[in-house]
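Atoms within a ligand are numbered from 1 in the order they appear, just like the ligands themselves. Any value given below was found using the heavy atoms of this structure, including those in side chains, with hydrogens, waters and symmetry copies removed.
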Amino acid sequence: MSDCPRTAVIVVAAGRGTRLRAAGPKALVDVAGRPILQHALDGVFRMREPAQVIVVAPPGRRDDAERIARACAGAASDYVSVVEGADTRQGSVAAGLARVEDGVDVVLVHDAARALTPTEQLDAVADAVRERGTGIVPALPVADTIKRITGSAVIESTIDRDPLRAVQTPQGFPRALLDAAYAAATEPLTDDAALVTAIGGEVATIAGHESAFKITTPWDLRRAELLVDAAPALRTGLGVDVHAFDEDRELWLAGLHWPGEPGLAGHSDGDAVSHAVTDAVLSAAGLGDIGGLFGTDDPQYENARGDVFVAAAVQRATASGFRIVSVTAQIIGTRPRFAGRRDEAESEMRRMLGAPVSLTATTTDGLGFTGRGEGICVIATALLTAQSPLRHH
Ligand code: CTP
Ligand code: MG
């Protein structure tokens, strides 16, 4: 019992979305390539404490909602259920409420239509309900001046907006209070807080968040699209390369020739910086590694310069919709003395990558093959941004 969730989140997604004027139910409409319900659930499943999640699906679309919910839940799918909703939001919440597990003592009701609600808002509401033992609703001050008008649209008066708040979801309650409010409900009210106050329950507000706006009109949908696309998806990559010294070869490192220094063994020119950077870029883009792509003993790469591999990795990453943000590499070894040519090496690598590069060098206190001067090791990282691959559906 102890690992059963104490909190339930009812995600109401059963509405038709009349004002959105889309072909199907609102929760299944895409924002940047993913359904509104999926965006909403992503936020719910990132909550600090695992919660029981009840998705209230559009009538007749239970299977679609179930598929989305399972995909979002991952390992947490034991605590996910999907029910069909009703004609009114209140009816839909009631359908969800009927499925709350025994051990749950705090219930959050959340609109799927508030698809971009930050997870912190869900956590904050759950925390505040536990702390204060009352209903809790996130709310924002009203920015516009509010007027009361007559039936013929003439202004009658200005309403003092100071005590006014626009409320959002999730709305959270001690479970017994919400159950009692729904049991007592006679007439339809517009939100859960209204039902709770109707039976004399206390509901307090906490600060809401602009991102928790409700997708209601086509304009809201566009705003959500822009917000999702504006957040770049970042990918990190890692690459390591090791080469032994070979006194009979010339040293090529970071795209530079180092006269008088022992070279590095290898089928290509042995430029371990270029190779590690190539691997870092490929791994960030999920494109495998240098050995898999170029073949370590392919004759066309015999003595190939490092920039051949770097350019090919950049070209492939770019073709897959990535842009390189920055690259770092650290050379581990006793030779060459790197500091004197760092600027030159960084600008050479920056030319290859078309992005800022920072290069450093270190020794290993005489330990290991690098300490004994048998070879060098290079570790590189790359940071890439992904263009949303889902944008152009
Ligand atoms: N909702 C629901 N069941 C209903 C009506 C609404 O589960 N019968 C849900 C919606 O899916 C939405 C939330 O309640 O997540 C807020 O409702 P609203 O934004 O009004 O959505 P819709 O009712 O779908 O939109 P509209 O009023 O434009 O038809
Ligand atoms: Mg509605």
* Counting heavy atoms only, which part of Asp87 comes closer than 4.0 Å to ligand 1: side chain, backbone, both or neither? -> backbone
* Asked: How close does the nearest protein non-hydrogen atom get to atom 23 (O) of ligand 1, and which residue and atom is it?
  -> Gly15 CA, 4.0 Å
* **Presence of salt bridge, Arg34 and Asp30, under 4.0 angstrom** => no
* Structure fact -> the protein heavy atom lying closest to atom 13 (C) of ligand 1 turns out to be Asp111 OD1, 3.3 Å
* **Main-chain N/O of Arg114 paired with Gln168 side-chain donor or acceptor, under 3.5 Å** => no
* Taking the non-hydrogen atoms of Thr88, is any one of them nearer than 4.0 angstrom to ligand 1? -> yes
* Are any of the N/O atoms in Leu20 less than 3.5 Å from those in ligand 1? -> no
* Considering the heavy atoms of Lys214, write down every atom of ligand 1 situated less than 4.0 Å from one of them. => 16 (C), 18 (P), 19 (O), 20 (O)
* With a cut-off of 4.0 Å, which atoms of ligand 1 are near a heavy atom of Lys26? -> 18 (P), 19 (O), 21 (O), 22 (P), 24 (O), 25 (O)
* Which value, rounded to the nearest 0.5 Å, describes the distance between Leu140 atom CG and Arg165 atom CZ? -> 9.0 Å
* Asked: Just checking, any donor-acceptor pair under 3.5 angstrom between side chains of Thr381 and Thr328?
  -> yes
* Asked: Which protein non-hydrogen atom lies closest to atom 9 (C) of ligand 1, naming both residue and atom, and how far is it?
  -> Val12 O, 3.7 Å
* Asked: Is any heavy atom of the protein nearer than 4.0 Å to atom 27 (O) of ligand 1?
  -> yes
* **Numbering as shown, the atoms of ligand 1 that approach Ser92 to under 4.0 Å (heavy-atom distance)** => 2 (C), 3 (N), 4 (C), 7 (O), 8 (N)
* Asked: With a 4.0 Å cut-off on heavy atoms, is Ala112 touching ligand 1?
  -> yes
* To do: Measure from NZ or CZ of Arg223 to the centre of the six-membered ring of Phe213, then state whether that distance is under 6.0 Å and the direction lies within 45° of the axis.
  => yes
* Asked: In terms of heavy-atom contacts, does CG of Asp365 have more than 12 from other residues, nucleotides or ligands at under 6.0 Å?
  -> no
* For the pair Arg130 and Thr7, evaluate side-chain hydrogen bond (donor to acceptor under 3.5 Å, both in side chains) and give the outcome as yes or no after the intermediate values. => CA-CA 10 Å; Arg130 285 193 192 287; Thr7 306; 2.8 Å; yes
* To do: Give the residue, atom name and distance (to 0.1 Å) of the protein heavy atom nearest atom 7 (O) of ligand 1.
  => Ala14 N, 2.9 Å
* To do: Compute the centroid of each ring, for His275 and then for Phe309, and state whether the two points are separated by less than 6.0 Å.
  => yes
* To do: Please confirm whether Ala13 comes under 4.0 Å of ligand 1, counting heavy atoms of the residue only.
  => yes
* **Atom CD of Glu156 with >12 non-hydrogen neighbours under 6.0 angstrom** => yes
* Structure fact -> atom 8 (N) of ligand 1: closest protein heavy atom, distance to 0.1 Å, is Ala86 O, 2.9 Å
* Structure fact -> Checking heavy-atom distances from atom 20 (O) of ligand 1 to each of Arg16, Arg19, Arg21, the winner is Arg19
* Structure fact -> The closest protein heavy-atom partner of atom 25 (O) of ligand 1 is Gly17 CA, 3.3 Å
* Asked: For the side-chain contact (heavy atoms from CB on, under 4.5 Å) test, which of Leu28, Ile68, Val31 pairs with Ile36?
  -> Val31
* To do: Return yes or no for this condition: an N or O of Ile215 is under 3.5 Å from an N or O of ligand 1.
  => no
* Asked: Would you call Asp191 and Arg89 a salt bridge, taking side-chain N to carboxylate O under 4.0 Å as the test?
  -> no
* To do: Output yes when the distance from some N or O of ligand 1 to some N or O of Val56 is under 3.5 Å, and no in every other case.
  => no
